[in-house]
Peer 1: 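Got a structure for you, written out below as structure tokens; questions coming shortly.
No hydrogens, no waters, no symmetry mates; every other heavy atom, side chains included, goes into these values. Nothing fancy with the numbering, it's 1 onward along the sequence.
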Amino acid sequence: MDRLSDVDENEKNEKKSYDEVQSPSPGEEFSPELADAAIVVEGEDRNTWFVWMLVLCTSISGLLFGYDTGVISGALVTIGGDLGPAALSSGQKELITSATTLGALLGSLVAGMLSDVLGRRYVLAIADAVFIGGAIGQAVCHTVWSMIGGRFLIGWGVGIASCVAPVYIQELSPSRLRGRMVVLNVVAITGGQVIAYGIDAAFEKTHGGWRWMVGLGAIPAGLQFIFLFFLPESPRILLKRGNVEGARAVMAKVYSKATPEQVDLKVKALNAAVSYSIKVANTTTLFQRIKRILFIPINRRALIISCGLQAQQQLSGFNTLMYYSATLFKSIGFNQPTAVGLIVSGTNFIFTLFALKYIDTIGRRKIMVWSAPGMIVGLTLASIAFHYLTMKTNGDLIDGTKYNTAWSAIVLLSMIFYVASYATGLGNVPWQQGELFSLDVRGIGTSFATTTNWAMNLLIGSTYLSLIDKISAAGAFGFYAGLCLLGWLFDVFCFPETAGLSLEEVQVVFKDGFGIKESQRLRRERLALARSEKVEALGLGGEKA
């Protein structure tokens, strides 16, 4: 039985025929309510093998992201004199690390807009080619500057993949399961970090082992490059190209339990949004579209949320652990720092699985508001532990010093608690950024948001060791705790709920402010409608029996 859900509370149970869902006529403003007029279809709350395979193949981008950002931690402590100097200085370590971040910043800046032109799939293929070139370049380098160049190149791949892969997954996932599918990409990121630490540990004692660490990243990139030949393009991109039949075929695979009429309704509703974005693209320049996202209130609010969440993710200081955990744990007396770093990355992976299961049921906002205080507690405890740990060295971390093992253990435990809280919320939710933007500005919006992520990453990664030298480890982690507190306040007062809403329907939330109450109302209506559909389906089943 077809049922059409409208965001208007008074019409949410009213039926609409196929012909009622139309593209906007010339001069008519696009209505998100209209685009989402016929969304409830059979099997929408279940994934098909097609969606699972597509997301798993796309999530290799996430694995590469995690691997290439995590592997440098072990490489930095094993390079030794292989790049010229007898040992890398703190400044050289920061340059090697931040080169990846700078490349990612530049890559993410162009990736979203490029994917609007070439398509999501082709841009992911470009990222894979860059990953392969960067991995090989790092493995064969013999100077500090050539290593920096290799890391810079790999950063372009990371930036492109981190921007486009979540959008591609969102546009090919059922609305009710969209968050979970994007989190699967984040699971791949954390899994890539775990693999990176495992590879680091395996080659830690091998002469020149760091070359294997960085070079092995070419293998998953090559595999995904091959897989992309068999994956479809996003239905939204196909519709932009006028390929309605191709979009219908993809949607039929995504919603394999739906009737042909329901699939047609999905395509018709989606085409309304796409037609509007085409009209905008054909009548505006790139500069004008950038102005649309900055000066139209709905778009600007979406941009503030997405950029704010991405800034919060990096300013929390988490990636300093990914880049420098081995260096940090070596400084406080652990004999096998890479193995200890593996514990931290393993915690990140495990708690990301929790988010994978519950992000669509609990909701994005609740997970963020509930998990952020745990990060504040973990970082505050770490700051206190570092203070007492380094009292005899005047707050400095000095390699070879015999530190109190009890305080070292507390540092490790506080890091585990912090990472568990981070992985549950902040590590995942910002990557849902694509769902905040309408299609006509989605590429630009996700580019801006991802660029914000990498800009903040560059700031944190390039100043971490220097910050510890200036204000001590206790001061640095206390500083990050303060930034996490500010981020939590941002979540409480600005971040609406988007779980369960369609990509087009989310725009309704930002009509009058940040829409926290409105988003919660829409989510309650969605859940109530889903429950009524379920009860009705069970009733029909009972009658047939």
Side-chain angles (χ1 to χ4, degrees), residues 50-51 53-65 68 103-135 153-173 181-182 185 188 217-251 253-254 270-271 273-274 277-278 281-282 286 289 431 433-434 437 439-451 454 503:
F50 171 79
V51 174
M53 293 303 297
L54 183 144
V55 173
L56 288 173
C57 291
T58 306
S59 294
I60 295 176
S61 291
L63 186 145
L64 287 163
F65 178 171
D68 284 307
L105 188 157
L106 297 174
S108 62
L109 185 62
V110 302
M113 291 175 276
L114 191 63
S115 72
D116 283 344
V117 177
L118 299 180
R120 318 299 190 211
R121 190 169 58 120
Y122 287 109
V123 174
L124 286 176
I126 292 172
D128 286 328
V130 173
F131 276 123
I132 294 170
L153 182 59
I154 211 81
W156 275 84
V158 171
I160 293 170
S162 65
C163 180
V164 177
V167 174
Y168 183 55
I169 292 171
Q170 283 174 330
E171 292 183 343
L172 279 156
S173 298
M181 294 298 97
V182 174
N185 185 62
I219 295 176
L223 289 174
Q224 187 184 53
F225 188 84
I226 295 171
F227 293 155
L228 286 171
F229 284 99
F230 304 97
L231 297 183
E233 186 51 84
S234 162
R236 288 164 173 82
I237 297 297
L238 291 173
L239 288 172
K240 284 182 72 173
R241 295 171 178 170
N243 188 355
V244 178
E245 288 306 315
R248 182 178 286 110
V250 175
M251 295 290 277
K253 292 179 181 179
V254 173
L270 182 59
N271 200 33
V274 172
S277 72
I278 292 173
N282 289 339
L286 175 61
R289 290 195 291 278
W431 295 112
Q433 60 192 18
F437 300 101
L439 182 61
D440 58 300
V441 295
R442 187 168 298 150
I444 297 173
T446 53
S447 282
F448 282 179
T450 309
T451 299
W454 289 110
L503 292 179

Peer 1: Taking ring-ring contact (aromatic ring centres under 6.0 Å, His included) as the definition, give me every residue that meets it alongside Phe227, ordered by chain and number, with sequence neighbours left out.
Peer 2: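 Once residues adjacent in sequence are excluded, Phe227 has no partner under the ring-ring contact (aromatic ring centres under 6.0 Å, His included) criterion.
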Peer 1: Do Met251 and Arg248 come close enough that some side-chain heavy atom pair is under 4.5 Å?
Peer 2: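 Not touching, per the 4.5 Å side-chain cut-off.
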Peer 1: Can you list the residues that meet the side-chain hydrogen bond (donor to acceptor under 3.5 Å, both in side chains) rule with Ser59, with sequence neighbours excluded?
Peer 2: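 For Ser59, no residue satisfies side-chain hydrogen bond (donor to acceptor under 3.5 Å, both in side chains) once neighbours in sequence are set aside.
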Peer 1: Scan the side chains in residues 103-112 for donor-acceptor partners under 3.5 Å anywhere in the protein, sequence neighbours excluded, and list what turns up.
Peer 2:
from: Ser108; atom 1: OG; to: Ala104; atom 2: O; distance (Å): 3.0
from: Ser108; atom 1: OG; to: Leu105; atom 2: O; distance (Å): 2.9
from: Ser108; atom 1: OG; to: Thr451; atom 2: N; distance (Å): 3.4
from: Ser108; atom 1: OG; to: Thr451; atom 2: OG1; distance (Å): 3.3

Peer 1: Could you name each residue pair satisfying salt bridge (charged side-chain N to carboxylate O under 4.0 Å, His left out) that touches residues 108-120, not counting sequence neighbours?
Peer 2: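 Those involving residues 108-120 are Asp116-Arg120, Arg120-Glu171.
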Peer 1: According to ring-ring contact (aromatic ring centres under 6.0 Å, His included), who are the partners of Phe229, at least two apart in sequence or on a separate chain?
Peer 2: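 Applying ring-ring contact (aromatic ring centres under 6.0 Å, His included) to Phe229 gives Phe225.
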Peer 1: What donor-acceptor contacts under 3.5 angstrom involve side-chain atoms of residues 217-224, with partners at least two apart or in another chain?
Peer 2:
from: Gln224; atom 1: OE1; to: Ser61; atom 2: OG; distance (Å): 3.1
from: Gln224; atom 1: NE2; to: Cys57; atom 2: O; distance (Å): 2.9
from: Gln224; atom 1: NE2; to: Thr58; atom 2: O; distance (Å): 3.1
from: Gln224; atom 1: NE2; to: Ser61; atom 2: OG; distance (Å): 3.0

Peer 1: At their closest point, which heavy atom of Leu228 faces which heavy atom of Arg121, and how far apart are they?
Peer 2: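 Heavy-atom minimum between the residues: O-NH1, 2.9 Å.
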Peer 1: According to the side chain to side chain donor-acceptor pair (under 3.5 Å) rule, which pairs have a member within residues 153-169, sequence neighbours left out?
Peer 2: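 Of all non-adjacent pairs touching residues 153-169, those that pass side chain to side chain donor-acceptor pair (under 3.5 Å) are Ser162-Trp454.
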Peer 1: Can you name the closest pair of heavy atoms from Val55 and Ser173 and give their distance?
Peer 2: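 So the two residues come closest at CG2-OG, 4.4 Å.
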Peer 1: With Ala247, which residues qualify under side chain to side chain contact (heavy atoms under 4.5 Å, CB included), at least two apart?
Peer 2: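 With neighbours one apart ignored, the set is Pro235, Leu238, Leu239.
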Peer 1: Please indicate whether Tyr122 has more than 12 foreign heavy atoms, meaning atoms of other residues, nucleotides or ligands, lying under 6.0 Å from its OH.
Peer 2: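 No, the 6.0 Å shell around OH holds no more than 12 heavy atoms from other groups.
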Peer 1: Checking Thr450 now: which residues fulfil side-chain hydrogen bond (donor to acceptor under 3.5 Å, both in side chains) with it, not counting sequence neighbours?
Peer 2: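 side-chain hydrogen bond (donor to acceptor under 3.5 Å, both in side chains) list for Thr450, sorted by chain: Gln433.
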Peer 1: Side-chain contact, heavy-atom cut-off 4.5 Å: Leu54 with Pro232?
Peer 2: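 The answer is yes; the side chains approach within 4.5 Å.
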Peer 1: Quick one: list whatever passes salt bridge (charged side-chain N to carboxylate O under 4.0 Å, His left out) with Asp68, sequence neighbours left out.
Peer 2: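 So Asp68 forms no salt bridge (charged side-chain N to carboxylate O under 4.0 Å, His left out) with any residue.
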Peer 1: Can you confirm whether Leu172 sits close enough to Val51 that some side-chain heavy atom of one is under 4.5 Å from a side-chain heavy atom of the other?
Peer 2: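 Not in contact.
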Peer 1: How long is the gap from CD1 on Ile237 to CG on Asn243, to the nearest 0.5 Å?
Peer 2: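 The distance works out to 12.0 Å.
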